[in-house]
Amino acid sequence: MGFFTEMFARPRPQEHLRYRAALALLHAMSNADRADIGIKPADFPRVAREMSIR
């Protein structure tokens, strides 16, 4: 049980918050906007990870 307590008690890294914000931004874009920059919904996790690292 100590593992779960430690896992949930630890603060999340800042990258996680930036990743969620980037993912929300990508989901909020229209299909036309996505087509303009050339990404598909399958690319969202990769693109959001790259955005959160910067």
**Student:** With rounding to the nearest 0.5 Å, note down the distance linking CG in L26 to CE in M51.
**Tutor:** 5.5 Å

**Student:** Could you tell me which residues satisfy side-chain hydrogen bond (donor to acceptor under 3.5 Å, both in side chains) with D36, sequence neighbours excluded, listed by chain and number?
**Tutor:** none

**Student:** Would you mind reporting whether M29 and I37 have side-chain heavy atoms less than 4.5 Å apart?
**Tutor:** yes

**Student:** Taking side chain to side chain contact (heavy atoms under 4.5 Å, CB included) as the definition, give me every residue that meets it alongside I53, ordered by chain and number, with sequence neighbours left out.
**Tutor:** none

**Student:** Only counting residues at least two apart or in another chain, list the ones meeting salt bridge (Lys or Arg N to Asp or Glu O under 4.0 Å) with R18.
**Tutor:** E15

**Student:** Mind checking the CZ-OG spacing from R20 to S52? Nearest 0.5 Å is all I need.
**Tutor:** 12.5 Å

**Student:** Measure across H27 and R34 and return the closest heavy-atom pair with its distance rounded to 0.1 Å.
**Tutor:** O-NH2, 3.4 Å

**Student:** Are L25 and L17 connected into the same hydrophobic cluster when the rule is that any two of I, L, V, M, F, W, Y join if their side-chain heavy atoms are below 4.5 Å apart?
**Tutor:** no

**Student:** Output side-chain donor-acceptor pairs under 3.5 Å for residues 41-50, partner residues at least two apart or in another chain, one line each.
**Tutor:**
{"from": "D43", "atom 1": "OD2", "to": "K40", "atom 2": "N", "distance (Å)": "3.2"}
{"from": "R46", "atom 1": "NH1", "to": "E50", "atom 2": "OE2", "distance (Å)": "3.3"}

